[in-house]
Amino acid sequence: VIDSKSSIITKMKIDDFILHIPDLFIEDETSQSDYIIDRLTSQRLKLFKLINEFDVSDRVYLGVRNDTIKSNVKELYDSIIKSVQCFLDGHFEKSRNIIYNTFFNRDNPKRKALPIRRINAFEIFYRIRESQTYNLYSKEEMFHIPFEKRGLVSNQRYSISGYPCLYLGSSIYNCWEETNRPNIDTCNIVGLRNLRTIDVIDLSIPQMEKMDFNAESIYNLVLPLVCSLKVKNNANYFKTEYIVTQNILGCIIMRNSISDEPIELEGIQYTSTFYGQKQCMFTDKKLLTNYVFPIKKSKKMGLCDELWASFEMTKPTSLTQIRLTEDKTSDNNNFYKLWNRKDERNSYERSILGFVESKLRGYFYGI
């Protein structure tokens with residue numbers, strides 16, 4: 001860290017490092033190479049730079065020397081880069097297996113670099129689906145793409161062609177951004193909540209506390225950072241930024257089919273790549289969290305029974321339906337008073353989308 005007034009280099013404390021973590025997830029697009037391995041190398045150097053600036057007095061939190069941390073981080077990045085190179089060389093299974101052996105294999109001591117989060121029961125998520133009309137879909141049509149239409153499933157960041165998954169967001173706004181800003185007035189909107197605990201790989205921008213910070217906290221940054229690379233060219237059919245993310249999805253499917261570990265990893269949580277972008281309307285990263293839950297068992301038609309039984313869903317609605325059917329004379333109605341309210345809630349909660357979320361949450365609580 002450089003003091004601009006005195007030009008004296010000062011060492012970074014753990015608190016400062018934690019504050020700089022979100023910056024690691026934002027690339028400087030003007031100076032970045034289009035070559036994926038160059039970008040991974042640049043990202044690693046950026047992380048190294050922060051590690052180098054640790055204050056010696058704060059090493060007690062790390063538990064090991066800076067050089068040891070950098071060596072372990074380099075090993076993790078080396079494995080990821082090797083996996084990417086294998087994929088580019090056409091060795092697709094080998095590419096996935098490198099990621100599996102590095103992060104998922106229970107016999108590998110480096111497996112601690114796989115960040116895992118337990119989602120408690122009854123956490124609320126959202127999902128939207130674009131509609132060309134003002135009609136509402138059924139609940140089943142608001143879930144994952146059915147098996148008889150799996151031909152519609154394309155390759156995306158956490159999507160493998162032909163393999164249906166359930167995609168959810170932490171906010172309606174996030175879902176709208178992730179679906180490329182369709183006409184929100186005609187979009188169908190639902191709320192969902194999980195009916196049991198679910199363990200997921202947490203690839204989101206972490207919330208860290210100094211008291212819990214150690215070397216493992218840094219190792220756990222590697223996969224989220226690698227998976228956060230923003231696509232350079234959306235027009236491309238093949239996107240190199242998706243090599244690692246799709247391998248991780250494949251590793252989850254592979255792990256759950258061959259592993260006897262007591263904890264089943266059922267999905268992935270990650271921060272939207274819209275975070276930190278200029279066009280983002282809301283800056284709270286809690287609003288910009290995505291979830292992907294792959295199917296557990298395929299069949300000829302319909303939906304995954306296991307996934308369907310794991311979630312409860314509201315009836316589909318839309319902004320248009322709410323505007324047209326709300327009783328604006330009711331004392332309990334806040335829809336037409338949103339812009340005049342001044343309370344402690346943040347700007348998103350006071351927005352139209354925040355209001356719709358409150359209505360959907362009310363469904364679960366019987367309000």
Side-chain angles (χ1 to χ4, degrees), residues 21-27 36 39-40 43 47 76-77 80 83-84 96 99-100 102-104 113-120 123-128 144 153-160 163-180 192 194 198-208 217-232 234 239-253 255-256 265-277 280 282-295 307:
I21 286 175
D23 298 334
L24 293 170
F25 286 79
I26 301 174
E27 284 186 285
I36 186 66
R39 292 170 68 189
L40 291 170
Q43 186 184 77
L47 180 55
L76 294 172
Y77 268 98
I80 290 168
S83 170
V84 170
R96 183 201 61 194
I99 297 296
Y100 188 89
T102 302
F103 295 98
F104 290 81
L114 186 68
I116 297 175
R117 180 203 164 198
R118 170 155 290 183
I119 301 176
N120 293 323
E123 187 163 325
I124 297 178
F125 312 90
Y126 303 94
R127 181 168 169 82
I128 73 172
H144 70 70
V153 181
S154 61
N155 281 310
Q156 298 295 334
R157 184 172 297 271
Y158 292 99
S159 174
I160 300 172
Y163 194 86
C165 295
L166 175 64
Y167 299 92
L168 305 177
S170 60
S171 69
I172 297 172
Y173 169 68
N174 180 59
C175 297
W176 181 67
E177 288 282 17
E178 290 292 336
T179 50
N180 297 316
L192 301 94
N194 53 310
I198 297 176
D199 291 299
V200 298
I201 299 174
D202 187 359
L203 302 180
S204 57
I205 299 176
Q207 294 277 12
M208 293 186 179
S217 304
I218 299 177
Y219 305 148
N220 283 342
L221 277 173
V222 173
L223 265 188
L225 281 169
V226 169
C227 295
S228 70
L229 293 176
K230 189 172 176 60
V231 172
K232 282 282 187 178
N234 280 304
K239 301 174 176 64
T240 55
E241 297 87 353
Y242 293 170
I243 293 174
V244 177
T245 55
Q246 291 184 358
N247 273 339
I248 291 172
L249 182 62
C251 286
I252 288 179
I253 298 167
R255 177 188 183 276
N256 292 339
L265 297 177
E266 300 187 59
I268 301 167
Q269 172 182 316
Y270 62 101
T271 303
S272 171
T273 55
F274 289 101
Y275 173 76
Q277 302 302 310
C280 224
F282 300 96
T283 58
D284 185 354
K285 62 177 176 287
K286 291 180 181 179
L287 298 173
L288 295 168
T289 303
N290 293 306
Y291 303 85
V292 52
F293 300 101
I295 60 166
L307 275 183

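Rounding to the nearest 0.5 angstrom, the gap separating the CD1 atom in I160 from the SG atom in C165 is 7.5 Å. Taking CG of L166 as the reference point, atom CZ of R127 lies at 5.5 Å (rounded to 0.5 Å). Between the CG atom in L223 and the CZ atom in F103 there is a gap of 4.0 Å [rounded to 0.5 Å]. The CG atom of L168 sits 12.5 Å away from the CD1 atom of I124 when rounded to the nearest 0.5 Å. To the nearest 0.5 angstrom, C175 atom SG is 11.0 Å from F125 atom CZ.
Remark: Y126 pairs with no residue by the ring pair (Phe, Tyr, Trp, His ring centres under 6.0 Å) rule, at least two apart or across chains. Under the side-chain hydrogen bond (donor to acceptor under 3.5 Å, both in side chains) criterion, Y163 pairs with no residue, sequence neighbours left out. With sequence neighbours left out, the ring pair (Phe, Tyr, Trp, His ring centres under 6.0 Å) criterion links Y275 to no other residue. Taking the ring pair (Phe, Tyr, Trp, His ring centres under 6.0 Å) definition, one finds that Y158 meets it with Y270, sequence neighbours left out. Residues passing the side-chain hydrogen bond (donor to acceptor under 3.5 Å, both in side chains) test with S170: none are found, sequence neighbours excluded. Checked against salt bridge (Lys or Arg N to Asp or Glu O under 4.0 Å), E241 has the following partners two or more places apart in sequence or in another chain: R39.
Taking the six-membered ring for Trp and thresholds of 30 and 60 degrees, W176 and Y173 have ring planes inclined between 30 and 60 degrees apart.
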*Stepwise, does the side-chain contact (heavy atoms from CB on, under 4.5 Å) test hold for N290 with R157?*
CA-CA 11 Å; N290 293 306; R157 184 172 297 271; over 6 Å; no
*Applying side-chain contact (heavy atoms from CB on, under 4.5 Å), run through V153 and S159 and close with a yes or a no.*
CA-CA 8 Å; V153 181; S159 174; 3.5 Å; yes
*In sequence, state the C-alpha distance, the side-chain angles, and the governing distance for I119 and Y291, and then conclude on side-chain contact (heavy atoms from CB on, under 4.5 Å).*
CA-CA 11 Å; I119 301 176; Y291 303 85; 3.9 Å; yes
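Under the 3.5 Å distance criterion, the side-chain polar atoms of T245 are matched with a main-chain donor or acceptor of Y242. The backbone N or O of E123 sits less than 3.5 Å from a side-chain atom of N194, completing a donor-acceptor pair.
A cation-pi arrangement is present between K230 and F274 under the rule of less than 6.0 angstrom and at most 45 degrees off the ring axis.
Side chains of T289 and Q269: no donor on one and acceptor on the other come within 3.5 Å.
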